Amino acid sequence: MTAIEPRFHLPEAWAGQGACPVCQTRGQLSILRQGTEPDQLGCGACGAAFNVEAAGQRVRLVRLPPALAVQAPGL
């Protein structure tokens, strides 16, 4: 499996677009600025956060939703 190179700057226009890959809630994604780290998409409904691939359309889960973290601490 190849590593996902994260996109460092996400456009503000992406906020509120699409559905969360974890909970499927629409309109709850926001841009999370991380200083010198890559921006993340965060879900206001479930609490998940993702990096977006720089050269593609894949995402990588970087913060588990609290409910999932309790059920699956090994993730």
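Nothing fancy with the numbering, it's 1 onward along the sequence. A quick note: this is a predicted structure, and the numbers were derived from the prediction, not measured. The figures that follow rest on heavy atoms only: side chains count, while hydrogens, waters and symmetry mates do not.
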In short, Asn51 meets Pro38 closest at the heavy-atom pair ND2-CB, 3.8 Å

Between Asp39 and His9, which heavy-atom pair has the shortest distance, and what is it? OD2-CA, 3.3 Å

So CD of Gln24 and SG of Cys43: to nearest 0.5 Å the spacing works out to 9.5 Å

When you check the gap from the basic side-chain N to the acidic O, do Glu12 and Arg33 get nearer than 4.0 Å? yes

Do you know which of Arg58, Arg7, Glu5, Arg60 makes side-chain contact (heavy atoms from CB on, under 4.5 Å) with Glu53? Arg58

Please say yes or no: joined through hydrophobic side-chain contacts below 4.5 Å, possibly via intermediate residues, are Leu10 and Phe8 part of one cluster? no

Kindly give the heavy-atom pair with the smallest separation between Val59 and Pro21, and that separation in Å. CG2-CG, 4.2 Å

Run Leu41 and Leu32 through side chain to side chain contact (heavy atoms under 4.5 Å, CB included) and show every step you take. CA-CA 6 Å; Leu41 278 177; Leu32 306 174; over 6 Å; no

Give the cluster check for Trp14 versus Val62: same hydrophobic cluster or not, with ILVMFWY residues linked at side-chain heavy-atom distances below 4.5 Å. no

CD/Gln28 to SG/Cys23 distance, rounded to the nearest 0.5 angstrom? 8.0 Å

Between Phe50 and Val22, is a side chain to side chain contact (heavy atoms under 4.5 Å, CB included) present by the stated rule, with each step listed? CA-CA 10 Å; Phe50 309 89; Val22 173; 3.6 Å; yes

With side chain to side chain contact (heavy atoms under 4.5 Å, CB included) as the criterion, how do Cys46 and Thr25 come out once you've worked through the C-alpha distance, each side chain's angles and the decisive distance to 0.1 Å? CA-CA 8 Å; Cys46 74; Thr25 302; over 6 Å; no

